[in-house]
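None of these values were measured; they are calculated from a predicted model. Numbered from 1 within each chain, the chains take letters A, B, ... in sequence-line order.
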Amino acid sequence: MKIGYPCVNEAMDCSAASTFRLASYSEERLVAAVAANLACLRRLLEWNVSQGLYFFRMGSGIVPFGSHEINAYPWQTHFGPEFRALGEYIKQQELRVSFHPDQFVVLNSPDPGIVRRSIDELVYQGSMLDLMGLDGTAKLQIHVGGLYGDRELALSRFAAVHAALPAAVRARVVVENDDRLFSLRDCLHLHERTGVPILFDNFHHECLHHGEPMAGALRLAAATWHPVADGVPMMDYSSQAPAERRGKHTPSLVEELFRNFVTELHGLDFDIMFEIKDKEASALRALAVLRELSLAGPAPTGPVPPLALPPGAGASAKAKGAKALKAP
DNA sequence: GTGTGTCAAGCAGAG
DNA sequence: CTCTGCTTGACACAC
C-alpha cells in the first residue's frame, strides 16, 4: 500500500508546473520552463521518499503546451536524459506515479476535434512515462466524459475511441468513477466492454452509487486491475467538506472517517491518492494512521531534503522563498 | 512589491 | 444567460 498526494507540495519552494502564456510562446521559454519543472519534480520525489510517500500524481504542465500544435520543439529528445534519470530514480526507489489529464480530455465527445485533441494530450502525457522507461503500472487517469443526453451512446463512444487508442496509451488509461454522471456501475460496464481498469474514488462513490456498500465496491473495482500488467489498484480518497456544497473535498483529512474507511478494505491492497486540499500534510497524517494499524512500513530514517533551496542555489527555481516560510 | 484579471482546451447543473 | 466546479495554480500587467 503506497500513499500519495496530487501534483503540488504546499511547503516546497519550487513548482513543477511553471508555465507562460500562449501569446508569449518561444522555444527559449519552453526549454527554461521544462528544465525548471523537471528539476523541481526531482526534488519533490526525493522529499516524498524521505517522508515515506511512495505514490505521486505528476502535474499535466511539465511541458507547457505539450500537446498544442504551437509546440513543435523536440522536447522528447532534448530532455530525454532528464526524463530517463527521473525514471531511474522512480524505479530504484519503487515509487508509483501517475497523471490525471484535466477536464478537457473527453474521449466520448461527439465532436471529433475534441476527441483528437484529447488523444493528443494522452499521447503527450503517456510519452513522458515512456521516456522515463516506466511500465504499464504508471497510469493515465481520466473520467468517462460527457453524458450528451444518452448514457448508452456516451459509453459506446468511449468504448470505440478506447479501442482505437495507440497501444502505448491504451495500456496506461484507467477510468475513474465520477460524482455526478458516470458511477462505478457505469465504469464496470465499460470495463466489461473494453477491459479498462477502474480507478475507484470513494468520495465520488458516496455521492453517486446504486446501493453498493463500500467494501463491495472496493472489491469490484480492484478486480478490474490485472495484477501484473496494471499493478496494485489505485484509488482516490477524500471525504465531504463539513458545511459545504455536497461533493466538495474536505480541506484536511478527517482521521476518524479514514479509520472507518480502512476497515472496509478487509486486507485489499490499494495505492491511495489523497485528494485533499492541504496535500502532503494530510497524506502524512494518513500514513501515520496506517502505520499505527501496521498497514504501512516504518518511517524512513534517511536525510530529509530541504523544502527551500539555500540562498543563491537553484537559479531555475522562481524566487518564492516566502512560500516555504509561510505560517501554518 | 502587491493586487487582480485572466489563462488552450469541456461539460453539466445551479443560480 | 452566466457562473461555478472539476487536481488548481501561476502569469502578466497595472499600480
Taking the [atom1] atom of each, how far is [N] from [M], in whole Å?
N      : M      : atom1 : value
B:dA8  : C:dA12 : P     : 10 Å
B:dG13 : C:dT7  : P     : 16 Å
C:dC3  : B:dT6  : P     : 11 Å

Would you please name every residue forming a ring pair (Phe, Tyr, Trp, His ring centres under 6.0 Å) with A:Phe274, sequence neighbours left out?
A:Tyr237, A:Phe258
Compare side-chain N and O positions of A:His143 against OP1 and OP2 of C:dT7 and report whether any pair is under 4.0 Å apart.
yes
What is the distance, to the nearest angstrom, from the [atom1] atom on [X] to the [atom2] atom on [N]?
X        : N     : atom1 : atom2 : answer
A:Asp102 : C:dT8 : CG    : C1'   : 10 Å
A:Leu22  : B:dC7 : CG    : C1'   : 9 Å
A:Ile142 : C:dC6 : CD1   : C1'   : 15 Å
A:His204 : C:dC6 : NE2   : C1'   : 8 Å
A:Asn37  : C:dT8 : CG    : P     : 19 Å
A:Asp278 : C:dT8 : CG    : C1'   : 15 Å
A:Leu122 : B:dA9 : CG    : P     : 18 Å
A:Ile70  : B:dA8 : CD1   : P     : 9 Å

Could you work out, with side-chain hydrogen bond (donor to acceptor under 3.5 Å, both in side chains) as the rule, every residue matching [X], not counting sequence neighbours?
X        : value
A:Asn202 : none
A:Glu280 : none
A:Tyr54  : none

For A:Asp278, what residues pass the salt bridge (charged side-chain N to carboxylate O under 4.0 Å, His left out) criterion, not counting sequence neighbours?
none
Between A:Phe182 and A:His143, ring centroids under 6.0 Å
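Ring-ring flag for A:Phe182/A:His143: false, centres at least 6.0 Å apart.
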For the residue pair A:Tyr124 and A:Trp75, is the inter-centroid distance of their aromatic rings smaller than 6.0 Å?
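Centroid distance A:Tyr124-A:Trp75: below 6.0 Å, so yes.
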Pairs counted only when both distances fall under 3.5 Å, Watson-Crick or G-U: show me the 5' to 3' dot-bracket for DNA chain B, [ ] for pseudoknotted crossings and | for other-strand partners.
|||||||..||||||
Sugar-phosphate only, base, or nothing, as touched by [X] at under 4.0 Å among non-hydrogen atoms:
X        : answer
A:Pro64  : nothing
A:Asp178 : nothing
A:Ser24  : sugar-phosphate

Where at least one partner belongs to residues 283-292 of chain A, residue pairs that pass side-chain hydrogen bond (donor to acceptor under 3.5 Å, both in side chains), sequence neighbours excluded
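For residues 283-292 of chain A: A:Ser252-A:Arg285, A:Glu255-A:Arg285, A:Arg259-A:Glu292.
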Report the nucleotide, chosen from B:dA8, C:dT7, C:dC11, that has the shortest atom-to-atom distance to any side-chain atom of A:Arg29.
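So the nucleotide nearest the side chain must be C:dC11.
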Just compare C:dC6, B:dA9, C:dT7 and give me whichever is closest to any side-chain atom of A:Glu121.
B:dA9
Among residues 44-62 of chain A, which contact DNA chain C at a heavy-atom distance under 4.0 Å?
A:Arg57, A:Ser60
Before accepting this row, confirm whether a basic side-chain N of the pair A:Arg172/A:Asp130 lies closer than 4.0 Å to the acidic partner's carboxylate O.
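A salt bridge is present here (some side-chain N lies under 4.0 Å from a carboxylate O).
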Ionic contact status for A:Arg57 with A:Asp236, cut-off 4.0 Å
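Result for this pair is yes, salt bridge flagged.
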With a cut-off of 3.5 Å and sequence neighbours excluded, list every side-chain donor-acceptor pair involving residues 88-99 of chain A.
| unit_1 | atom_1 | unit_2 | atom_2 | d |
| --- | --- | --- | --- | --- |
| A:Lys91 | NZ | A:Gly133 | O | 3.2 |
| A:Arg96 | NE | A:Thr137 | O | 2.8 |
| A:Arg96 | NH1 | A:Val232 | O | 2.8 |
| A:Arg96 | NH1 | A:Asp271 | OD2 | 2.6 |
| A:Arg96 | NH2 | A:Thr137 | O | 3.1 |
| A:Arg96 | NH2 | A:Asp230 | O | 2.9 |
| A:Arg96 | NH2 | A:Val232 | O | 3.0 |

Going by atom type alone, with no hydrogens or angles, which donor-acceptor pairs under 3.5 Å involve a side-chain atom of residues 206-213 of chain A and a protein atom two or more places apart or on another chain?
| unit_1 | atom_1 | unit_2 | atom_2 | d |
| --- | --- | --- | --- | --- |
| A:His209 | ND1 | A:Gly211 | N | 2.9 |
| A:His210 | NE2 | A:Ser183 | OG | 2.8 |
| A:Glu212 | OE1 | A:His210 | N | 2.8 |

Give a yes or no on whether A:Met1 and A:Phe55 share a hydrophobic cluster (residues Ile, Leu, Val, Met, Phe, Trp, Tyr; joining criterion: side-chain heavy atoms under 4.5 Å apart).
no
Is it the case that one hydrophobic cluster holds both A:Val169 and A:Leu131, taking links as side-chain heavy atoms less than 4.5 Å apart, direct or via other members?
yes
Of A:Asn48, A:Asp13, A:Asn9, which is the lone residue that meets side chain to side chain contact (heavy atoms under 4.5 Å, CB included) with A:Arg43?
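It is A:Asp13; the other options fail the test.
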I'd like to compare against my own output: the B/S/- annotation of nucleotides 10-15 of chain B with a strict under-4.0 Å heavy-atom distance to protein.
BSBS--
For each nucleotide in nucleotides 1-6 of chain B, reading 5' to 3', give B when a protein heavy atom comes within less than 4.0 Å of its base, S when such contact involves only the sugar-phosphate, and - otherwise.
-----B
